Amino acid sequence: ERERERLCLSPAVSPMEFSEVLRQSLGQWSPDGQHIAAAAQNRMLVRKADTLKLEQVFVCVDRVERIEWSPDSEFILTEVARQGVVQVWSLRDSEWTCRIDEGLAGVAHARWSPTSRHLLVSSDFELYLSVWALQDQNNVLSVQAPKFSDRGCAFSHDSSWLAVLRRCDCQDRLSIYDAEDAFRRLVDVPVAGDSADLAWNPDDSAVFVWERPGRVSRCLIYSVAGEVLAEFGDFDLLRYASPSPSCQLLAVFGLDGQVKLVSPTTQSVLACLSHHLEEVSAESSEEVSLLEEFSGSLDESGDKVSYKRLKDLKKALEERPSTGTDADGLPKQGVSLASWSPDERFLATKHESFPSAVWVWDLGLLKLAALLKHRSPVRSFAWDPEARSRGSSARLAISTADPVLLIWSPSGETYASSCPLSLSRLRWRCQGRSLLLQERDRACICWLG
């Protein structure tokens, strides 16, 4: 009976097929799902997504440190940090090139505007943020002293405005620019506290800013005119925050392991989710799916991994004290990784004290839906973005330190398979059905049924 219970979690025939391992790094699907781009030393390789046939090879001036597709899938930027250069390539016209040279200031981070017609380039040491027009390759705007190089900068949903956090004279400032009028500055106001990041609310009528860990971490909401509309939330020691895809909700993750769901619209905390085992055990019912990765060949396909069910939540996990600090100098405590499902029904999290577990929260019921325990620490997880993968049909892909790829779904269609790579970052193709597994300098594609 126990074997039958394990088998029901893994289909008789594995729905996964893997490509050969490719020697490449920094792999990314194009937004339209038609191509995949990756780097190999100083070359950028563009392949067809369906066949992996090599279509274009672009040679850069030095080793490529980062790549990013334009939102319209027509251009690709490559960061060449050693030379302080950003090179842009056209998929339609292989003869067309664009080069942005920041000289001694260097390049810390480059990104696209939503319209795919401007580039935002942050210099080293947060000296300035340059906005470049792709058509005439002129510097449209230079924002002095951005607080961060890779965050603290966001376009409104309709691409009309650009909000930037700056740090001037030992004080944070919020600046808003008109993206439709040559990025003319509209607002520049001081921000109290130590800001961590910002996001626009769903109707673009306001910007909400949250703070880094301090005595008290808060969320501030500013109008487009720079007025403080609200200040709310005692978030204790906030580690970081993650807006939902629609920005209707903000998940705030504390160093104490709590997740608070905040509504910027109502300026209130809607719910609090805890990763403490005793609290979760007391609140959760038998409907919580407790699954553990199992090693052993149990089906005709020969796969040696699957999930098996557990009954006792307290015995499922062993809490381990976490030590050290992350890249931002914050203690490695609380939630370190989180991912919203595209329909915002589920939130998947990883807690530092339980490195081999993935917690899946049902935000419709505001409770734990599943706890997935693995044999080794979890490296990455990502939700299937396909339109039909919503609600009970959602699919969460998980990679760990072992060469295993696992898929969980609230519908019960949960399975696992051995794969060529371990410790890989996962990226879904926009149409679903395909996954990119990217190690440091190796990658492969997984096709799912």
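For clarity, every value in this text was computed on a predicted model and none was experimentally measured.
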Can we call the ring centroids of [X] and [Y] under 6.0 Å apart?
X: W69; Y: F75; value: no
X: F148; Y: H109; value: no
X: Y240; Y: F253; value: yes

Examine the side chains of [X] and [Y] and answer whether a donor and an acceptor come within less than 3.5 Å of each other.
X: S160; Y: E180; value: yes
X: E55; Y: H35; value: yes
X: S376; Y: T400; value: yes
X: Q438; Y: R425; value: no
X: R166; Y: S175; value: yes
X: D172; Y: S195; value: yes
X: T349; Y: H275; value: yes

Say you draw a straight line from [atom1] of [X] to [atom2] of [Y]; how long is it, rounded to the nearest 0.5 Å?
X: L405; Y: L448; atom1: CG; atom2: CG; answer: 7.0 Å
X: L162; Y: L120; atom1: CG; atom2: CG; answer: 6.0 Å
X: K332; Y: D326; atom1: NZ; atom2: CG; answer: 7.5 Å
X: R390; Y: E344; atom1: CZ; atom2: CD; answer: 10.0 Å
X: Q431; Y: D50; atom1: CD; atom2: CG; answer: 8.0 Å
X: T78; Y: E68; atom1: OG1; atom2: CD; answer: 11.5 Å

Heavy-atom check, side chain of [X] versus side chain of [Y], under 4.5 Å:
X: P202; Y: S246; answer: no
X: I100; Y: E102; answer: yes
X: V121; Y: V107; answer: yes
X: E352; Y: V335; answer: no
X: R63; Y: N42; answer: no
X: V228; Y: V189; answer: no
X: F232; Y: V262; answer: yes
X: L396; Y: V360; answer: yes

Are any side-chain N or O atoms of [X] and backbone N or O atoms of [Y], one a donor and one an acceptor, separated by less than 3.5 Å?
X: W161; Y: I176; result: no
X: K350; Y: V378; result: yes
X: W200; Y: A154; result: yes
X: Q267; Y: T265; result: yes
X: S399; Y: S424; result: yes
X: R429; Y: G33; result: yes
X: S263; Y: T266; result: yes
X: E79; Y: I67; result: no
X: S274; Y: Q258; result: no
X: D93; Y: E95; result: yes

I need the minimum non-hydrogen distance between [X] and [Y], along with the two atoms involved.
X: G257; Y: H351; result: CA-NE2, 3.6 Å
X: L363; Y: W340; result: CD1-CZ3, 3.2 Å
X: V224; Y: A206; result: CG2-N, 4.4 Å
X: L250; Y: A241; result: CD1-CB, 3.9 Å
X: S393; Y: S409; result: C-OG, 4.1 Å
X: E439; Y: L423; result: CG-O, 4.4 Å

Side chain to side chain donor-acceptor pair (under 3.5 Å) for S122 and R111? Distances and angles first, verdict last.
CA-CA 9 Å; S122 300; R111 75 203 85 181; 3.2 Å; yes

Intermediate values then yes/no, side-chain contact (heavy atoms from CB on, under 4.5 Å), D188 and L174
CA-CA 6 Å; D188 183 44; L174 171 65; over 6 Å; no

Under 4.0 Å between a Lys/Arg side-chain N and an Asp/Glu carboxylate O for E126 and R167?
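Salt bridge between E126 and R167, a charged N being under 4.0 Å from a carboxylate O: no.
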
Charged N to carboxylate O below 4.0 Å: is that the case for D72 and R117?
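Salt bridge between D72 and R117, a charged N being under 4.0 Å from a carboxylate O: yes.
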
Could you walk me through whether L26 and V64 pass the side-chain contact (heavy atoms from CB on, under 4.5 Å) check?
CA-CA 9 Å; L26 309 174; V64 178; 4.2 Å; yes

Residue pair L347, V259: steps toward the side-chain contact (heavy atoms from CB on, under 4.5 Å) verdict
CA-CA 10 Å; L347 178 67; V259 182; 4.1 Å; yes

Determine whether more than 12 heavy atoms belonging to other residues, nucleotides or ligands lie under 6.0 Å from atom [atom1] of [X].
X: L104; atom1: CG; value: no
X: R185; atom1: CZ; value: yes
X: D181; atom1: CG; value: yes

When L129 is tested against each of C153, S123, S149, S142 for side-chain contact (heavy atoms from CB on, under 4.5 Å), which residue passes?
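Result: among C153, S123, S149, S142, C153 is the only option passing the side-chain contact (heavy atoms from CB on, under 4.5 Å) with L129.
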
Consider side-chain contact (heavy atoms from CB on, under 4.5 Å). Of P420, C444, S434, which one does S19 pass it with?
C444

Check the orientation of W361 and W359. Use parallel for under 30°, tilted for 30 to 60°, and perpendicular for over 60°.
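W361 and W359: parallel rings.
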
Evaluation steps, salt bridge (Lys or Arg N to Asp or Glu O under 4.0 Å), between D197 and K147:
CA-CA 9 Å; D197 207 347; K147 185 169 184 180; over 6 Å; no

Take V88 and W112, measure what side-chain contact (heavy atoms from CB on, under 4.5 Å) needs, and give me the verdict at the end.
CA-CA 11 Å; V88 185; W112 288 98; 3.7 Å; yes

